[in-house]
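What follows is one structure encoded as C-alpha cells, with my remarks underneath.
Indexing begins at 1, ligand by ligand and atom by atom, following the structure's order.
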Amino acid sequence: MKCRQGNTIDHLRISVTQDCNLSCPYCHREGEEGDQKEMSFDEIRRIVKAATDSGMKKIKITGGEPLIRKDIVEIVKMIKKCGAEEISMTTNGTLLWKYANELKNAGLDRVNVGCDSVTSGMLQKSLQHVKKGLLAAKTAGFDPVKINMVVMKDINHHEIPAMIEVAKETGCMLQLIELIEIGQLDYEKHYFSLDGIEEELSRKAQAVNVRNMQNRKQFNLGEVTVELVRPSNMHFCAACNKMRVTSNGKLKPCFMRDDNLVEFKDINSIKKAVEAKEVYYD
Ligand code: SAM
C-alpha cells in the first residue's frame, strides 16, 4: 500500500499499553496524550491481521512498556500467526532478562533497548539491570540488539563515548536518537544536534550505510555500528514508511499529529489511514 508520497507503507508500530514501570521525563509516549483504555488481545489481533493483509508485514511492538503486559508473549505469537515477516520490540530493558528466551521462541526477531546513560542519574535505570537484559537478548539469539540512546544536552550528551563502549562490550548496535519535542523536558534547553557526531563518525567509519527507513545513516566503526536517528533531518518524513496504532486502537498516520487519527473498523480503515499520511517536517 503506497502513501501520497509514493512510499510503500510496510511497517506497523503498535503501542500495546500506555503503562510503564519508569517515568522518563523526556518520554514522547509514542505521541499519545492522556490515559486511555488499552486494547484487548482480540482488538490487537484484528488490527494486526488487517495490517498484514494490507502488506504491512514488519511490526514493531511498543508502549508504554510492552513487557509489563501479562499477555505479551501470546501477543508476539499471535502477530506471527497473522503473517508478520518481521516482529520487533522496543523496551526499556528492565524486564528483558526475564522474557528474552520466551520472546525469541514466540517469534520476536529483533529488540531495541532504551538505555540513555551509564551513570543513570535522572534517567532512572540501573545499567547493570539493563546490561543483564542486553546479554540475555544476545544469548537468546537476537541480532542485532539495538541500544536506543536519546541524546540530551547537559544530561547525557557527554556519555556517547561511554555508551559506544557499552555497545561494544555487549555486542549490540548503538542508536543515537535526537530528542523529539514531546515530553516534559525543556526542549530548547536539552535538544542536542547530532551534526558534530555525524561528522566525527563519518571521519572514523570504515563504511557508511543509508537505510531506507527514514534515511538513517549507519556508521560501521569496526567493532561496533552506530546508527543516527534524526527526526529533524530534512528527508526523515519524506522517507516515512510507517503506520502507527495507539494503545487504545486508533490508526495514527503521523507521530507528530493527533488530528488525523482513524478509528479502526475493518481493512478499509487501514487504507484510509495510509491516504491521510502527509509530510510533517519538510
Ligand atoms: N518503554 C519502551 C522503551 O523504552 O523503548 C517503549 C516506548 S519508548 C516511547 C520507545 C522509544 O522512544 C525509546 O526507546 C526511546 O528511544 C524513544 N524516545 C522516547 N522519548 C523520546 C523523545 N522525546 N525523543 C526521541 N526519542 C524518544
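Side-chain contact annotation: Thr62 with Glu30, donor-acceptor N/O pair under 3.5 Å present. Side chains of Asn92 and Asn21: a donor-acceptor N/O pair is present below 3.5 angstrom, by distance only. Side-chain atoms of Ser202 and Glu199 include no donor-acceptor pair closer than 3.5 Å. For Thr225 and Gln218, the side-chain atoms include no donor-acceptor pair closer than 3.5 Å. No donor-acceptor contact under 3.5 angstrom links the side chains of Glu65 and Thr17, judged on distance only.
Taking 4.0 Å as the cut-off, Gly64 counts as a neighbour of ligand 1 on heavy-atom distance. Distances from ligand 1 to the non-hydrogen atoms of Gln175 include no value under 4.0 Å.
Both the backbone and the side chain of Asn92 come within 4.0 Å of ligand 1, judged by heavy-atom distances. The part of Thr91 lying near ligand 1 is the backbone, judged by heavy-atom distances below 4.0 Å.
Between Phe192 and His157, the angle of the ring planes stays under 30°, which puts this pair in the parallel group of the 30/60° scheme.
Contact atoms of ligand 1 toward Glu65: 1 (N), 2 (C) (distance under 4.0 Å to a heavy atom of the residue). Close approach to Glu178 involves these atoms of ligand 1, each under 4.0 Å from a residue heavy atom: 24 (N), 25 (C). Interface atoms of ligand 1 facing Ile177, defined by a heavy-atom separation under 4.0 Å, are 16 (O), 25 (C), 26 (N). Those atoms of ligand 1 with a heavy atom of Asn148 less than 4.0 angstrom away are 14 (O), 16 (O). The ligand atoms of ligand 1 that sit less than 4.0 angstrom from a heavy atom of Thr62 are 6 (C), 7 (C). The Cys27 neighbourhood of ligand 1 comprises atoms 9 (C), 20 (N), with distances under 4.0 Å to a heavy atom of that residue.
Taking distance alone, with nitrogen or oxygen atoms compared against 3.5 Å, Asn112 stays at or beyond that limit from ligand 1. For the pair Ile180 and ligand 1, the shortest N or O to N or O distance falls below 3.5 Å.
Contact annotation: the side chain of Lys204 approaches that of Glu200 to within less than 4.5 Å [non-hydrogen atoms, C-beta and beyond]. A heavy-atom distance below 4.5 Å is found between the side chains of Val245 and Met39.
When Lys60, Arg13, His28 are ranked by how near their heavy atoms come to atom 17 (C) of ligand 1, first place goes to His28. Between atom 23 (N) of ligand 1 and the options Tyr26, Tyr187, Phe255, the minimum heavy-atom separation is to Tyr26.
With respect to Glu86 and Lys58, no salt bridge is recorded, no charged nitrogen being found less than 4.0 Å from a carboxylate O.
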